[in-house]
Amino acid sequence: MKDNPRLRIGLNLATSLTFALLLIGQFVSIRSASAQSSEMIGLVVKGKKFTGQILHRDSETLSLLRRDGAVASYPAMDVDRVVELGKALRPYSADELEKRLDNEFSQDYSVRVTENFAVVYPSSSAFGWPGAFERMYRQFVYYFEARSFALKSPDFPLIAVVLKTRAEFDRYLKQTALRDQTNVVGFYSVQSNRIITYDQAAMEPRLDQQNLTTVIHEATHQSAYNTGVHSRFQPQPRWVSEGLATMFEAKGVHNSAEFPEQRDRLAADYFGNLQHLIATNTFRGKIESLIRSDEIFDSDPKSAYAIAWGLTFFLAENCPHEYQTYLREITQRGSISNFNAEHRSGQFFSVFGDELRGLETRMIRFYETFGLQP
């Protein structure tokens, strides 16, 4: 499994936060669900029974889209039997999912199913988790619908799990391939289609804002991957997914009704980091690195996230139609076998042009109009 840690730098809080986006590791072996039979199958693996829809099957692996929205891969040699059930994949109903989650977690947890979410959270928590996730999803939908970007309804209820303590969360983290887990406070897994976090305000109520920031960032990832903005079954350029999630952290993006001014849509932390890059003449050339490869996120994460946010916000504000076209094209491109640096840049250039020097100059001028960091 490939892991994408995100370092959020410059928070005006006591502790900096790290989020993560966990991606399906072998994208090349998984095809879009629409390319396979939509019929549901029963699967027996080493005597255990599973139900879902086959995404991909070859001599080595069988990948299954389960009824809770998770993707599971099984070694072909462990598959005892595959039975066609003769009906289309049917997600779990709200009642079925609630019962399954109740059985999965202890009595210390409550399960609340809202219109779009199934939220597991500590019964003792004073933070309104179900409402926060549901509001964030609706704000996400409003942002795109207000810009005439058609979204599809999620095929599955969106599952968010809020653990009671940091120790419980650390046990979950140990099951992931994240290299740096020290400050991670939440992640969205494309494979399980779940958000996992913990109640940071359980011991210190003043950390409610950190809980909210986690909801905003991770629910943006989850919403994007389930409404067609991103594809769960094909790799997306990392700057696109992280740029969108960081953009939504700004109050004017996730709460435009109360904060309608353009300046409210600036994410102050990333804006400040971007200004530093521009002021120190280290901005030029980094957009090309970002669109060609995800490597800069590992080698220079502070710059990567600042530029991912800056490029996303600039395009969304100044080239909204082109930005929407680009989002559609990278989710609908079909084959992923040629998802390399040349293909990534070619896709970007086909929509925005290949004059990156000019794009950099326009971005610099755009951000200069906002003056110093707010």
Side-chain angles (χ1 to χ4, degrees), residues 11 13 17 19 68-69 91-102 104-146 151 153-166 168-169 185-189 192-227 229 244-260 264-265 267:
L11 285 170
L13 298 169
L17 307 182
F19 301 117
D68 63 353
Y92 290 122
S93 68
D95 287 342
E96 288 174 321
L97 188 57
E98 184 174 359
K99 289 177 183 177
R100 293 181 69 87
L101 291 172
D102 267 329
E104 183 178 347
F105 292 89
S106 73
Q107 293 181 348
D108 292 336
Y109 289 91
S110 297
V111 179
R112 170 83 180 278
V113 178
T114 65
E115 183 177 352
N116 297 286
F117 273 89
V119 184
V120 180
Y121 60 98
S123 301
S124 59
S125 179
F127 189 82
W129 293 102
F133 279 108
E134 185 66 30
R135 282 192 301 274
M136 185 56 225
Y137 175 80
R138 293 181 182 184
Q139 288 160 348
F140 179 90
V141 170
Y142 175 79
Y143 177 90
F144 280 96
E145 289 188 344
L151 302 177
S153 297
D155 295 323
F156 306 92
L158 306 178
I159 299 175
V161 177
V162 182
L163 299 171
K164 189 174 182 179
T165 66
R166 175 75 206 194
E168 288 181 83
F169 182 68
V185 296
F187 64 86
Y188 165 66
S189 168
S192 71
N193 204 27
R194 290 185 176 191
I195 292 170
I196 308 290
T197 185
Y198 70 100
D199 187 1
Q200 299 169 71
M203 301 301 293
E204 293 189 62
R206 70 186 181 86
L207 298 184
D208 268 4
Q209 182 57 46
Q210 290 193 7
N211 280 345
L212 183 58
T213 300
T214 302
V215 169
I216 292 168
H217 188 94
E218 300 305 340
T220 298
H221 279 319
Q222 191 179 41
S223 299
Y225 277 100
N226 282 271
T227 58
V229 176
L244 189 65
T246 53
M247 186 176 75
F248 264 87
E249 290 181 32
K251 61 186 179 182
V253 178
H254 70 255
N255 188 6
S256 59
E258 292 187 33
F259 302 98
D264 295 329
R265 296 196 290 276

* **Test side-chain contact (heavy atoms from CB on, under 4.5 Å) applied to Val113 - qualifying residues, sequence neighbours left out** => Ala94, Glu98, Ala118
* Asked: Does Asp68 reach the side chain of Arg100, with side-chain heavy atoms less than 4.5 Å apart?
  -> no
* Between the main-chain N or O of Gly69 and the side-chain N or O of Tyr92, is there a donor-acceptor pair closer than 3.5 Å? -> no
* Asked: Is there a side-chain contact between Asn211 and Asp208, using heavy atoms and a 4.5 Å cut-off?
  -> yes
* Beyond-backbone contact of Tyr198 with Thr165, side-chain heavy atoms, under 4.5 angstrom -> no
* To do: For Thr214 and Gln200, test the side chains for any donor-to-acceptor distance below 3.5 angstrom and give the result as yes or no.
  => yes
* Quick one: closest heavy-atom pair of Ser124 and Lys164, and the distance? => OG-CE, 3.9 Å
* Considering all heavy atoms, the nearest Thr213-Glu249 contact -> CG2-OE1, 4.2 Å
* Nearest-0.5 Å distance that lies between atom OH in Tyr137 and atom OG1 in Thr220 -> 12.0 Å
* Check: Glu218 side chain, Tyr188 main-chain N or O, donor-acceptor pair, under 3.5 Å -> yes
* Asked: If you measure from NE2 on His217 to CE on Met136, what distance do you get to the nearest 0.5 Å?
  -> 10.5 Å
* Chi angles and distances behind the side-chain contact (heavy atoms from CB on, under 4.5 Å) call for Leu163, Phe105 -> CA-CA 10 Å; Leu163 299 171; Phe105 292 89; 4.3 Å; yes
* Structure fact -> Those residues at least two apart in sequence (or on a different chain) that pass side-chain contact (heavy atoms from CB on, under 4.5 Å) with Arg112 are Thr114, Tyr121, Pro130
* Asked: So, does Asn255 use its side chain to make a donor-acceptor pair with the main chain of Lys251 at under 3.5 Å?
  -> no
* **Between OG on residue Ser223 and CZ on residue Phe117, distance to nearest 0.5 Å** => 5.0 Å
* Below 4.5 Å, heavy atoms only, C-beta onward: do Phe169 and Val161 meet side chain to side chain? -> no
* To do: With sequence neighbours left out, write down each residue that passes side-chain contact (heavy atoms from CB on, under 4.5 Å) with Phe144, or none if nothing qualifies.
  => Phe140, Phe149, Leu151, Val229, Leu244, Phe248, Leu327
* To do: Could you pull out the closest heavy-atom pair between Arg265 and Pro260, with the gap in Å?
  => NH1-O, 3.4 Å
* Apply side-chain contact (heavy atoms from CB on, under 4.5 Å) to Arg138 and list each qualifying residue two or more places apart in sequence or on a separate chain. => Glu115, Glu134
* Can you run down the salt bridge (charged side-chain N to carboxylate O under 4.0 Å, His left out) pairs that involve residues 195-205, sequence neighbours left out, and say none if there aren't any? => Glu204-Arg206
* **Trp129 side chain near Val215 side chain, heavy-atom distance below 4.5 Å** => yes
* 4.5 Å side-chain heavy-atom contact, Pro122 and Tyr109 -> yes
* **Spacing of Phe133 atom CZ and Leu158 atom CG [to the nearest 0.5 Å]** => 10.0 Å
* Do Leu97 and Val111 come within less than 4.5 Å of each other through their side chains, counting heavy atoms only? -> no
* Asked: Do Thr197 side-chain atoms and Val162 backbone N/O form a donor-acceptor pair below 3.5 Å?
  -> no
* Side-chain heavy atoms of Thr227 within contact of Pro154, under 4.5 Å -> yes
* Structure fact -> Heavy atoms of Ser123 and Ser110 approach each other most closely as OG-OG, 2.8 Å
* To do: Go through the structure and list residues passing side chain to side chain donor-acceptor pair (under 3.5 Å) with Arg194, not counting sequence neighbours.
  => Glu104
